[in-house]
Amino acid sequence: MATRYNPKETEPKWREAWDRAQVFRAKSSKEAKGMPKAYVLEMFPYPSGRLHMGHVRNYAMGDVVARYRLANGYNVLHPMGWDAFGLPAENAAIEKKAQPRTWTLQNIQAMKDQFAPLGLTFDWSREVTTCEPSYYAHQQKIFLKFLEHDLVYRRSAKVNWDPVENTVLANEQVVDGKGWRSGATVESRELEQWFFRITKYGDDLLEALNTLDRWPEKVRIMQANWIGKSQGARFRWQLTRPVGAIKDIEVFSTRPDTLFGAAFVALAADHPLTKEIAKTNQAVAKFIADAAKHGTSEADIEKAEKVGVDLGLKVKHPFDPNWELPVWAANFVLSTYGTGAIFGSPAGDERDIEFANKYALPFKPVVLPPGADVTTYAVTTEAYTGEGTIYNSEFLNGLSTKDAITAAIKELVKRGAGEATTQYRLRDWGVSRQRYWGCPIPVIRCPKCGVVPVPEKDLPVLLPDNADFSEPGNPLARHPTWKHVNCPTCGGAATRETDTMDTFVDSSWYFARFANPDAKEPIDKTEAAYWLPVDQYIGGVEHAVLHLLYSRFFSRALRDTGLLDLPSGEPFSGLFTQGMVTHETYKSASGAWLLPEEIERRDGGAFEISTGKPIAVGNAEKMSKSKKNVVDPVQIINDYGADVARWFVLSDSPPERDVEWTQAGVEGAWRFVQKVWAIAEAAPSADDGPVTSGDALELRRMAHKVIRNVTLGIEQFRFNTA
RNA sequence: GCGGGCGUGGCGGAAUUGGCAGACGCGCCGGACUCAAAAUCCGGUUCCCCUUAAAGGAGUGUCGGUUCGACCCCGACCGCCCGCACCA
């Protein structure tokens with residue numbers, strides 16, 4: 001008797017059965033008794049309160065891997081938690097007058113309810129929530145441990161300051177030089193900030209990328225570029241007459257081979273020497289003021305024309321004391337890279353030649369490209385940046401560019417003018433946020449003793465519950481009582497650090513906490529040694545640099561401070577970055593975005609249901625609330641069941657590519673699930689006896705082919721073909 | 001500008017990595033069932049030629065190359081997507 005697949009009956013039945021048997025509960029290292037382990041993890045979500053299709057896709061993929069490992073006899077850890085600190089909770093607090101904590105915990109409950117019908121293999125007994133003291137208390141311990149080992153330090157740094165909201169904004173929150181919410185022009189301010197010393201691991205983080213053979217090449221390249229290692233030389237140009245205490249200018253260059261082609265030395269606008277000259281030179285002062293206006297927005301800088309101002313100074317060439325060059329300040333020199341000063345060798349650098357031509361600074365070529373004729377070769381407006389033979393360069397003449405770099409550095413060292421160095425683009429990680437809803441930084445500022453760590457016995461430093469969001473700025477800073485404490489060292493009146501940590505800190509070690517979320521110490525070393533590294537990590541490619549790089553740094557820092565046994569320092573041995581879920585967009589005749597359920601298709605066109613008017617159908621784009629091209633997973637699961645939703649997002653497109661959600665596709669998935677049900681029902685009961693001929697043999701062969709192909713498909717992350 | 005990826009039917013995409021191009025799904029066409037529709041089931045579906053079938057021809061962005069054999073390898077070009085972007 002053929003029945004139809006009824007998800008409303010079958011899905012809850014099995015969910016309850018799994019629940020009762022606790023099949024998804026991971027065994028501890030002791031209980032596992034030699035079973036192979038598999039740690040499968042998807043990037044934990046921010047509790048926005050609503051499950052979206054991107055979540056469904058992400059967690060369905062991890063679920064396939066986890067089930068596959070379970071079925072193969074592995075002890076599987078597939079945990080779930082909440083990346084629960086962050087700005088949206090504060091915005092909600094301002095708009096809805098709810099406390100961030102209340103709002104966040106409600107969202108978590110709502111999302112848990114939405115996750116349930118998906119039937120995922122999560123071990124909820126290990127749930128972790130970053131905004132709970134049970135989590136962030138340990139983060140404070142880690143912070144203090146890092147402080148002890150000089151992996152955290154304070155220094156003054158430039159930040160984007162919103163003068164209306166009285167807070168620091170992340171670069172992403174500055175749009176066209178204005179605060180994203182207040183619309184106020186963002187100022188550049190110097191503030192005391194806490195930094196993690198990620199640069200200490202720059203070289204290791206770069207080199208170890210080679211060992212991550214189960215990471216996408218693309219992510220490894222992005223991280224390598226982000227770290228940005230350059231080899232070259234640091235060396236000094238002597239000023240012909242000192243300016244105050246400043247006697248020379250230090251520059252960094254990867255091309256000391258072109259030193260004889262030098263035409264000028266250029267400084268960043270906020271180089272100390274530029275500032276010094278500005279005190280007595282109005283043109284220079286104006287230049288600095290103009291440069292500051294352009295702010296930190298990279299988009300502005302890239303379009304900006306090269307502008308400079310002559311500082312009226314001269315420096316001596318390191319290889320020829322009689323050769324004097326002019327010193328300029330230039331807007332294309334970055335204060336944040338190298339020494340904030342360069343020497344310009346126009347014939348070999350596109351920026352330098354543009355600058356030299358604009359300000360009529362004379363230059364000569366020093367690199368002869370292969371095959372070029374010395375007697376006719378000239379450089380006027382196009383720099384030659386490739387390799388070649390050095391000429392016009394005294395003792396470097398005739399050398400290849402490569403050999404000339406070595407020879408030039410040798411000479412610089414000999415003359416005491418400089419030395420070989422390696423320069424990184426990577427900068428230390430600023431983690432101070434002038435926010436309420438984050439992990440408090442556990443230090444106290446005492447007027448007598450300076451910065452004093454909160455003693456371990458006084459941890460955790462809890463967030464106060466009664467934050468006031470009626471005014472802009474950080475509620476912690478203006479809280480009537482919270483920040484006032486006695487100094488743990490001298491006992492005198494002192495104040496707490498009111499900055500909280502960047503939420504990326506929270507997500508940099510949660511995977512280690514899952515090994516035992518109830519541990520008294522931040523990380524249960526025994527269990528973590530058993531489970532880590534994560535065998536398969538799955539998430540969006542948007543975290544390719546920040547989260548994934550910070551986590552790699554944290555694993556090393558935790559290891560080196562004795563909190564974690566992980567010799568490689570690599571937290572994720574396998575990484576998969578999945579594509580987005582997209583959907584067509586719809587715009588009504590009046591130009592308003594429409595939800596998919598507000599439109600209908602008929603007579604070969606698309607129309608708004610309520611008005612009957614034709615609408616404009618746009619390309620498939622990432623599902624987003626603002627464009628209303630969203631489909632609610634809860635609704636889909638209600639209409640078709642979790643199997644259909646999961647089947648569709650897994651089968652339609654390769655997992656690394658975007659998948660376009662379509663109504664027709666979902667209906668196809670529904671029919672497919674029905675077919676599988678019908679086939680299973682129609683199949684005779686299993687007969688494992690010998691099969692030697694006929695259709696039964698053919699069927700058995702096909703079955704084994706299918707097993708092989710599906711196995712390969714799952715192991716190679718090709719769920720669509722599997 | 002630099003780095004990376006991609007380009008195959010009407011659509012999403014397969015092709016066991018150099019060996020029958022188009023698996024599977026969507027859509028479409030035809031049929032069965034039905035009074036009818038929906039659902040379901042069966043068959044067909046790269047394009048061209050052909051009433052149909054058979055037979056034939058073309059075909060993986062473009063042009064060229066290597067090879068007995070190329071979607072796959074090499075070179076040049078065109079187009080699209082992603083990341084970084086004045087990094088000295």
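Remember, it's a predicted structure, so these values are computed and weren't measured experimentally. Just so it is clear: chains get the letters A, B, ... in the order the sequence lines come, proteins before strands, and each one is counted from 1. Just so it is clear, the values below take in all heavy atoms, side chains as well, and ignore hydrogens, waters and symmetry mates.
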Original post:
According to the Watson-Crick and G-U wobble definitions, with both distances under 3.5 Å, which nucleotide is paired to B:rG1?
Top reply: B:rC84
**OP:** Provide the distance between the two C1' atoms, one in B:rG31 and one in B:rG18, to the nearest whole Å.
**Re:** 42 Å
Original post:
B:rU45 pairs with which nucleotide, Watson-Crick or G-U wobble, both distances below 3.5 Å?
Top reply: B:rG27
**OP:** Using Watson-Crick or G-U wobble geometry with both distances below 3.5 Å, tell me the partner of B:rC6, or none.
**Re:** B:rG79
Original post:
Closest to the A:F332 side chain: B:rC26, B:rC86, B:rG25?
Top reply: B:rC86
Original post:
How many angstroms lie between OG1 in A:T577 and CG in A:N58, if you round to the nearest 0.5 Å?
Top reply: 11.0 Å
Subject >> Test item: side-chain donor near acceptor, A:Y586 and A:E584, under 3.5 Å >> reply: yes
Original post:
Are side-chain heavy atoms of A:L313 and A:L273 found at a separation under 4.5 Å?
Top reply: yes
Subject >> Inter-nucleotide C1' distance (B:rA23, B:rA14), Å rounded >> reply: 5 Å
Original post:
Which whole number of Å gives the distance between the P atom of B:rG12 and that of B:rC33?
Top reply: 37 Å
Original post:
B:rC2 and B:rC77: how far apart are their P atoms, nearest whole angstrom?
Top reply: 12 Å
Subject >> Check: A:R220 side chain, A:W215 main-chain N or O, donor-acceptor pair, under 3.5 Å >> reply: yes
Original post:
Between A:R427 and A:G665, which has a closest nucleotide on RNA chain B that is more 5'?
Top reply: A:G665
**OP:** Determine the interatomic distance between C1' on B:rC50 and the same-named atom on B:rA55; round to the nearest Å.
**Re:** 10 Å
**OP:** Both distances under 3.5 Å, Watson-Crick or G-U wobble: report the partner of B:rA14, or none.
**Re:** none
Subject >> A:T199 side, atom OG1; A:F553 side, atom CZ - distance, nearest 0.5 Å >> reply: 8.5 Å
Subject >> Nearest-Å distance for atom pair NZ/C1', residues A:K218 and B:rC82 >> reply: 4 Å
Original post:
What distance, rounded to whole Å, do you find between the two P atoms, one in B:rG61 and one in B:rA38?
Top reply: 39 Å
Subject >> Distance-only polar pair, side chains of A:Y550 and A:D502, donor-acceptor under 3.5 Å >> reply: no
Subject >> B:rG64 versus B:rG57 - spacing of their C1' atoms, nearest Å >> reply: 24 Å
Original post:
What distance, rounded to whole Å, do you find between the two P atoms, one in B:rU62 and one in B:rG7?
Top reply: 13 Å
Restricting to nitrogen or oxygen on both sides, can you table the protein-nucleotides 39-44 of chain B pairs closer than 3.5 Å?
none

**OP:** Using Watson-Crick or G-U wobble geometry with both distances below 3.5 Å, tell me the partner of B:rC33, or none.
**Re:** none
**OP:** Measure from the ring center of A:F504 to the ring center of A:W429 and say whether it is less than 6.0 Å.
**Re:** no
**OP:** For the pair A:N629 (side chain) and A:S624 (backbone), establish whether a donor and an acceptor sit closer than 3.5 Å, ignoring hydrogens and angles.
**Re:** yes
Please write out the pairs of protein N or O atoms and N or O atoms of nucleotides 5-14 of chain B separated by less than 3.5 Å, giving the distance to one decimal.
from	atom 1	to	atom 2	distance (Å)
B:rG12	O2'	A:D652	O	3.1
B:rG12	O2'	A:D652	OD2	2.9
B:rG12	O2'	A:S653	OG	2.8
B:rG13	O3'	A:N720	ND2	3.4
B:rA14	OP1	A:N720	ND2	3.3

**OP:** Send over the distance from A:Q231 CD to B:rC87 C1', rounded to a whole Å.
**Re:** 15 Å
**OP:** Compare the minimum distances between each of B:rA88, B:rA85, B:rU16 and the side chain of A:R425, then state the nucleotide with the smallest one.
**Re:** B:rA85
Subject >> Paired nucleotide for B:rC73 [Watson-Crick or G-U wobble; both distances under 3.5 Å] >> reply: B:rG65
**OP:** Under 4.0 Å between any heavy atoms, over every strand shown, what does A:G228 touch: base, sugar-phosphate, or nothing? Just pick one.
**Re:** nothing
**OP:** Would you mind classifying the nucleic acid contact of A:V251 as base, sugar-phosphate or nothing, using non-hydrogen atoms under 4.0 angstrom?
**Re:** nothing
Original post:
Can you find a side-chain donor-acceptor pair between A:D352 and A:S345 that sits under 3.5 Å?
Top reply: no
**OP:** Taking atom types as modelled, find out whether A:E715 and A:Y68 have a side-chain donor-acceptor pair closer than 3.5 angstrom.
**Re:** yes
Original post:
Just checking, is any N or O donor in the side chain of A:D658 or A:T582 under 3.5 Å from an acceptor N or O on the other one?
Top reply: no
**OP:** Could you check whether A:F672 gets within reach of a base, just the sugar-phosphate, or nothing at all, counting any heavy atom under 4.0 Å?
**Re:** sugar-phosphate
